[in-house]
> 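My questions will all concern the structure given below.
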Amino acid sequence: MSDSMPNTVLPVTMVNSKLDSLAFELPSHLEAGEPPEARGLGRDAVRLMVSRRSDDSIEHIVFRELPDVLRPGDVVVINTSGTRKASLPILQSDDSGLRLHLSTQLPAEMWAVEMRASDGARPFFDAHAGEVYALPGGGDVHLHAPYRPELRGDPDADVRLWIATLEIPFDLDTYLDVYGAPIRYGYARDNWPIEYYQNVYATETGSAEMPSAGRAFTPRVITDLVSKGVQIAPLVLHTGVASLESDEPPYEEFYRVPVETAQVIDYARKSGGRIIAVGTTVVRAIETVADRTGHVSPGEGWTTLVISPERPMRVVNGLLTGMHEPSATHLSMLQALAGLDHLKLTYEAALAEGYLWHEFGDLHLILP
């Protein structure tokens, strides 16, 4: 893939494969197993599919050309949460190679955690409440109860997320810096340094996994957007581990929407500007603090909001996002914004054009 390519608009009639639904099969060769830098590309040289709901048009460009498709008065809202080294080895005498993924730091010094096989390919379902697992450096993790209340009291339940407490010898950030690693799943071909999992505008560490829709941004792209009159508005949502195994709904996550960001969004909406969310995490935070009329207030706390066709977006009308797996609950959010028919067209195009999935893959911009 070259660093640049001509803009092309793909008529939907040119797509060979047709999706009856979004329960498609993702070919393994479309899973991005390494960052674009390892493929000889800059961050901002990944592909960007731009689709417009108004006419179902689909355009294929390079991400660094994003400023060309936005316009003065638009607001691009980013999540400045940084990524933790949230994966820790579990020490066991049988050398089974289990890993602990720290998902969400809860109140009262509790955690939501996931037990996982060493290669990251699958969760480990043989853990039980009351068990204690040894961690490096004299640390340990105590599993107290399944995170999902409906699984508590069922000894045969397959439990992926647990409520747990950590006992570690020093402060969390230092401990993770010494013993932790970025969360890695089975499609990743190697262990990559934490720098590959950080967005350039990250300011506050707290996410278990990278808010990856923003990975392709570079100082150059941000400068070009601002020079064009596009505003960049920050917020924070600390994201937990991905929910890919069993169509689980999103769980509670901590967010913070500053006063200035709320004001910028409200003013832009009144002035006819578009609100472009960079990632589903941004959608969740904005829509949490929006009232029924679409007015956005500043705020922080824990959100349980699930965006779906039954609870559509009130503020966001554009979304920059990665390509989502067939089982991902994020597809329900995308459907709430774009509608099922439009999503089918875009995913047909992505599959036909060889777009890459996952955090190191390509991106999709949905516009009105």
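Residues take their numbers from the sequence shown, with the count starting at 1. Please read all numbers here as calculations on a predicted model, not as lab measurements. Note: hydrogens, waters and symmetry copies are ignored here, and every other heavy atom, side chains too, is used.
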> About how many Å separate CD1 of Ile307 and CG of Leu319, when rounded to the nearest 0.5 Å?
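Leu319 atom CG to Ile307 atom CD1 measures 11.0 Å (nearest 0.5 Å).
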
> Closer than 4.0 angstrom, basic N to acidic O: yes or no for Glu37 and Arg43?
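Salt bridge: yes.
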
> I want to know whether His142 and Tyr133 have ring centres closer than 6.0 Å.
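No, the ring of His142 stays outside the 6.0 Å limit from the ring of Tyr133, centre to centre.
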
> Does this structure show an ion pair linking Glu359 with Arg215, if we count only N-O contacts that are shorter than 4.0 Å?
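Salt bridge between Glu359 and Arg215, a charged N being under 4.0 Å from a carboxylate O: no.
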
> Say you draw a straight line from OH of Tyr179 to OG of Ser87; how long is it, rounded to the nearest 0.5 Å?
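These two atoms lie 15.5 Å from each other.
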
> Spell out, as yes or no, whether a donor-acceptor pair under 3.5 Å connects the side chain of Asp154 to the backbone of Asp156.
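Yes; judged by distance alone, with no hydrogens or angles, the pair exists.
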
> List the steps and the verdict of side chain to side chain contact (heavy atoms under 4.5 Å, CB included) for Leu88 and His101.
CA-CA 6 Å; Leu88 291 164; His101 288 181; over 6 Å; no

> Working to the nearest 0.5 Å, report the span between CD1 of Ile61 and CG of Leu66.
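One gets 6.5 Å once the value is rounded to the nearest 0.5 Å.
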
> Closer than 3.5 angstrom, by distance alone: can the side chain of Gln105 be matched with the main-chain N or O of Met110 as a donor-acceptor pair?
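No.
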
> Donor-acceptor pair, distance only, cut-off 3.5 Å: does the side chain of Arg269 make one with the backbone of Gly294?
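Yes: the side chain of Arg269 pairs with the backbone of Gly294.
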
> Charged N to carboxylate O below 4.0 Å: is that the case for Glu209 and Arg84?
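No, Glu209 and Arg84 are not salt-bridged.
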
> Do you see a donor-acceptor pair shorter than 3.5 Å between the side chains of His238 and Tyr255?
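No - no donor-acceptor pair under 3.5 Å links their side chains.
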
> May I ask you to say whether Glu114 pairs ionically with Arg99, meaning some side-chain N is under 4.0 Å from a carboxylate O?
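No, this pair does not count.
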
> State which residues pass side chain to side chain contact (heavy atoms under 4.5 Å, CB included) with Thr223; sequence neighbours excluded, sorted by chain then number.
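Per chain and number, Thr223 pairs via side chain to side chain contact (heavy atoms under 4.5 Å, CB included) with Ser227.
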
> Could you give the distance from CD1 (Ile78) to CD1 (Ile222), rounded to the nearest 0.5 Å?
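Spacing of CD1 (Ile78) from CD1 (Ile222) equals 6.0 Å.
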
> Looking at Arg47 and Asp362, does any basic side-chain N land under 4.0 Å from a carboxylate oxygen?
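Result for this pair is no, no salt bridge flagged.
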
> Answer yes or no: does atom CD of Glu150 have more than 12 heavy-atom neighbours from other residues, nucleotides or ligands under 6.0 Å?
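Correct, the count exceeds 12.
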
> May I ask you to check whether Phe360 and Tyr196 place their ring centers less than 6.0 Å from one another?
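So the answer is no for these two rings.
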
> Output yes when a side-chain donor or acceptor of Gln198 lies under 3.5 Å from a complementary backbone atom of Glu195, and no otherwise.
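Side chain of Gln198 to backbone of Glu195: no pair is present.
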
> For a ring-ring contact (aromatic ring centres under 6.0 Å, His included) check, start with the C-alpha distance between Tyr355 and His364, then their side-chain angles and the critical distance, and finish with the verdict.
CA-CA 10 Å; Tyr355 274 66; His364 180 196; 8.4 Å; no

> Given side chain to side chain contact (heavy atoms under 4.5 Å, CB included), test Val75 with Arg274 step by step and report yes or no.
CA-CA 6 Å; Val75 176; Arg274 297 175 297 186; over 6 Å; no

> Run the numbers on Asp44 and Phe217 for side chain to side chain contact (heavy atoms under 4.5 Å, CB included), then give the verdict.
CA-CA 6 Å; Asp44 58 5; Phe217 280 90; over 6 Å; no

> Between atom CG of Leu305 and atom CD of Glu252, what is the distance when rounded to the nearest 0.5 Å?
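Rounded to the nearest 0.5 Å, the CG-CD separation comes out at 12.0 Å.
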
> Treating Thr83 as the side-chain partner and Tyr197 as the backbone partner, does any N or O pair qualify as donor plus acceptor under 3.5 Å?
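Side chain of Thr83 to backbone of Tyr197: a pair is present.
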
> I'd like to know if the side chain of Arg184 reaches the main chain of Ala188, judged simply by a donor and an acceptor atom lying under 3.5 Å from each other, with no hydrogens or angles considered.
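Judged by distance alone, yes, a pair lies under 3.5 Å.
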
> Is there a donor in the side chain of Ser81 and an acceptor in the side chain of Asn79, or the other way round, less than 3.5 Å apart?
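Note: Ser81 and Asn79 side chains miss the donor-acceptor criterion.
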
> Are Val77 and Met313 joined in one hydrophobic group, where the rule is that I, L, V, M, F, W and Y side chains link up if heavy atoms are under 4.5 Å apart?
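Yes, Val77 and Met313 fall within the same hydrophobic cluster.
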
